[in-house]
Amino acid sequence: MSRVGILFSGRGSNMAALLDGASEPGFPGEVAVALCNVADAPGLERARARGVVALCIPHRPFRGDRQLHEAALDRALQERGVEVLCLAGYMRLLTPWFVERWSGRMLNIHPSLLPLFPGLDTHARALQAGVKLHGCTVHLVTEAVDSGPILAQAAVPVLPDDTEETLAARVLAQEHILYPTALRLFLERRPGYGDPAAALLNPLPGPGRAP
Ligand code: GRF
């Protein structure tokens, strides 16, 4: 049973989805700690309500020394024996030091079908671009932002009358399904994860396949 850590910064809905997924019988991991960098993040309460150790290690006291802050996070993770780390709306850029330390075992969820729309404001940019499909991606974290190997994706249609908010809500509902599913597959299949058949979680019905 792998020990999982979660890093988040805000409302923590993906963190909560991971906790709910991990509490399912037979899930191949347990969440050892949820860490946050914002003292009043609503996600802290969400985690505690689910009986998980939720700690805040604010970045401000480290006065811009990103790596020193990350060293404190890293210590908290090591102390709890965390082996796999999930970023769930963690809104800080990571240093190469931290990325290297967690290389191959740090996952992130991003609200677009990468490699389209890395970075911020993904839903507005999807509407602006006129794409008909949008979605979310779980990927391994590498040094270049939102560019690591893709583990799993879920797609949603973009509807003619969509606003940024309606599209974001449709994608978020998929994020909450995708992230625990991708984590389960990652933990079960490690280190062989990456089989395209496993990564395609929402295949369209096609010839020879039951709808
Ligand atoms: C999500 O859209 C996630 O894809 C992105 O940040 C947002 C976090 O939302 N990385 P929440 O805190 O999980 O509700």
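Both counts, for ligands and for their atoms, begin at 1 and track the order of listing.
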Asks: Is the shortest side-chain heavy-atom distance between Thr137 and Ile109 below 4.5 Å?
Replies: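 No, too far: nothing below the 4.5 Å cut-off.
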Asks: Hey, looking at atom 12 (O) of ligand 1, which of Gly12, Gly89, Cys136 has the closest heavy atom?
Replies: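 Minimum heavy-atom distance to atom 12 (O) of ligand 1 goes to Gly12.
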Asks: Out of Met15, Arg11, Gln174, Arg46, who is nearest to atom 9 (O) of ligand 1 when you count heavy atoms only?
Replies: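 Comparing heavy atoms across Met15, Arg11, Gln174, Arg46, the nearest one to atom 9 (O) of ligand 1 lies in Arg11.
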Asks: What pairs of residues pass the side chain to side chain donor-acceptor pair (under 3.5 Å) test when at least one of them lies in residues 120-133, not counting sequence neighbours?
Replies: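 As it turns out, the side chain to side chain donor-acceptor pair (under 3.5 Å) pairs with a partner in residues 120-133, which skip direct neighbours, are His123-His134.
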Asks: Starting from atom 1 (C) of ligand 1, find the nearest protein heavy-atom neighbour and note its residue, name and distance.
Replies: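 Answer, as residue, atom name and distance: Glu175 OE1, 3.2 Å.
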Asks: Are any of the N/O atoms on Leu172, whether in the backbone or the side chain, positioned under 3.5 angstrom from an N/O atom of ligand 1?
Replies: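 No, no N or O pair falls under 3.5 Å.
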Asks: Apply salt bridge (charged side-chain N to carboxylate O under 4.0 Å, His left out) to residues Arg105 and Glu83 and explain how you reach the verdict.
Replies: CA-CA 7 Å; Arg105 53 201 184 107; Glu83 304 161 88; over 6 Å; no
Asks: Hey, could you give me each pair passing side chain to side chain donor-acceptor pair (under 3.5 Å) that has a residue in residues 49-58? Not counting sequence neighbours.
Replies: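 Of all non-adjacent pairs touching residues 49-58, those that pass side chain to side chain donor-acceptor pair (under 3.5 Å) are Asp20-Arg50.
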Asks: Are any of the N or O atoms of Asn108 closer than 3.5 Å to those of ligand 1?
Replies: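 No: no nitrogen or oxygen of Asn108 is under 3.5 Å from one in ligand 1.
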Asks: Quick one: which of Asn37, Thr95, Asp74 gives a side-chain contact (heavy atoms from CB on, under 4.5 Å) with His69?
Replies: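 One option only clears the test, and that one is Asn37.
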Asks: With nothing but distance in play, are any N or O atoms of Ile109 less than 3.5 Å from an N or O of ligand 1?
Replies: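 Yes; the residue has a nitrogen or oxygen that sits under 3.5 Å from a nitrogen or oxygen of the ligand.
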Asks: Please tell me whether Leu85 and Leu94 are part of a single hydrophobic cluster in this structure, the criterion being side-chain heavy atoms less than 4.5 Å apart.
Replies: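 Same cluster.
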Asks: Just to confirm my output: which protein heavy-atom neighbour is closest to atom 13 (O) of ligand 1, and how far is it?
Replies: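 The closest one turns out to be Asn14 N, 2.8 Å.
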